[in-house]
Engineer: 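Just passing along the structure, written as structure tokens.
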Amino acid sequence: MSDQPVAQLHPNGSLRHLLTLDGLPAETLSHLLDDAEALRPQALGGTALRQMLAGRTVCTLFFEPSTRTRSSFQLAAARLGADILGFDVMASSAKKGETELDTLRNLEAMGVDCFVVRHADNGTVATLAAGAHARTRFINAGDGRSAHPTQGLLDMLTLRQRKGRDFSKLRVLIVGDVKHSRVARSDIHALRTLGAGEIRVCGPASLLPEDDTLRGCRVTRNFDAALEGVDAIMMLRLQRERMEEGLVPSLEQYFRDYGLTPERVALAKPDAIVMHPGPMNRGVEIAPTVADGPASVILDQVSNGVAVRMAVLRAVLAG
Ligand code: CP
């Protein structure tokens with residue numbers, strides 16, 4: 001296996017794999033968002049594009065649970081006419097000790113062209129890509145706390161639809177468990193590259209990363225103050241499965257300090273939108289009345305996920 005980092009772009013600048021948004025040029029992000037926008041009419045049904053990836057095979061290889069990402073990749077591949085292998089890791093020979101790379105090489109030998117991989121460990125998708133055949137494509141569906149690039153793209157598409165294409169006018173607030181969040185990292189990468197006017201980050205000190213993740217962000221622990229003048233509030237899931245004990249005093253206290261309530265939404269701009277990547281902990285980071293309320297665009301994010309994943313599959317497979 002090569003120990004060189006896997007290049008995401010071909011020498012001509014087109015997308016080979018999608019492993020992270022970090023370092024991708026603004027033109028690449030904008031092109032994927034434009035393509036996703038154009039694909040939206042076909043994203044939720046229809047047969048017009050069923051020839052686009054006919055004869056190509058996409059495998060979803062998820063070593064962690066998922067509702068939105070896996071389902072929307074499978075629907076995106078179906079709407080582009082690809083064959084889909086929804087590989088069930090839990091019922092596979094991985095449970096008999098077969099390594100992840102052997103699992104991948106065996107599926108590759110069956111004709112898989114593109115793997116969509118989710119894994120609990122940072123960097124595993126890039127490691128698998130480095131061990132695969134040069135013609136095989138990889139899309140990171142979330143690795144550890146490192147990156148969730150298609151979530152970052154669908155969040156940018158949702159922002160662009162609601163707030164326009166000029167990100168320099170935008171104040172975006174990201175709230176909660178940033179430390180464990182691959183979504184926050186991909187959103188910050190994309191917001192920086194697209195030139196967001198201001199990225200604010202708010203959460204308890206115990207849930208904010210100490211590395212350079214928050215470079216260039218305005219960081220505060222006071223949620224009420226952080227809301228002033230923001231165009232978009234991106235709430236994050238409290239990732240209890242990745243958390244050591246004691247990082248939050250109690251769920252009730254967390255909701256009091258960092259839960260998004262209707263009263264707090266009223267502190268943002270009058271037309272501010274509320275986002276959440278899902279799955280939501282209702283009553284922990286977000287009140288149900290906000291999740292289902294007029295400012296919420298959470299289900300638009302989910303719909304945009306299908307269009308974005310169609311655009312990414314097309315870029316890596318048909319490009
Ligand atoms: N947003 C997200 O990644 O959701 P799933 O874990 O359900 O895929």
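First listed ligand is number 1; within each ligand, the first listed atom is number 1. Computed from a predicted model, the values in this text were never measured in an experiment.
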Engineer: Working note: Leu49 + Arg79, criterion side chain to side chain contact (heavy atoms under 4.5 Å, CB included); need CA distance, chi angles, decisive distance, verdict.
Structural biologist: CA-CA 6 Å; Leu49 304 176; Arg79 283 167 189 155; over 6 Å; no

Engineer: Salt bridge or not for Asp292 and Arg282, using N-O below 4.0 Å?
Structural biologist: yes

Engineer: Quick check: is Leu236 connected to Leu299 through a chain of hydrophobic side chains (ILVMFWY, heavy atoms under 4.5 Å apart)?
Structural biologist: no

Engineer: Using distance alone, with no hydrogens and no angle criterion, decide if Asp155 and Gln301 have a side-chain donor and acceptor under 3.5 Å apart.
Structural biologist: yes

Engineer: Given Asn304, which partner from the list Arg160, Arg40, Arg309 fulfils the side chain to side chain donor-acceptor pair (under 3.5 Å) test?
Structural biologist: Arg40

Engineer: Please enumerate all residues that pass side chain to side chain contact (heavy atoms under 4.5 Å, CB included) together with Thr57, with sequence neighbours excluded.
Structural biologist: Asp83, Val112, Asp113

Engineer: Enumerate the pairs of nitrogen or oxygen atoms, one from ligand 1 and one from the protein, separated by less than 3.5 angstrom; state names and distance to 0.1 Å.
Structural biologist:
residue	atom	partner	partner atom	Å
ligand 1	1 (N)	Gln151	OE1	3.1
ligand 1	1 (N)	Pro277	O	2.8
ligand 1	1 (N)	Gly278	O	3.2
ligand 1	3 (O)	Thr69	OG1	3.0
ligand 1	3 (O)	Arg118	NH2	2.9
ligand 1	3 (O)	His148	NE2	2.9
ligand 1	4 (O)	Arg68	NE	3.0
ligand 1	6 (O)	Arg118	NH1	2.8
ligand 1	7 (O)	Thr67	N	2.8
ligand 1	7 (O)	Arg68	N	2.9
ligand 1	7 (O)	Arg68	NE	3.1
ligand 1	7 (O)	Arg68	NH2	3.0
ligand 1	8 (O)	Ser66	OG	2.6
ligand 1	8 (O)	Thr69	N	2.9
ligand 1	8 (O)	Thr69	OG1	2.6
ligand 1	8 (O)	Arg118	NH1	3.4
ligand 1	8 (O)	Arg118	NH2	3.3

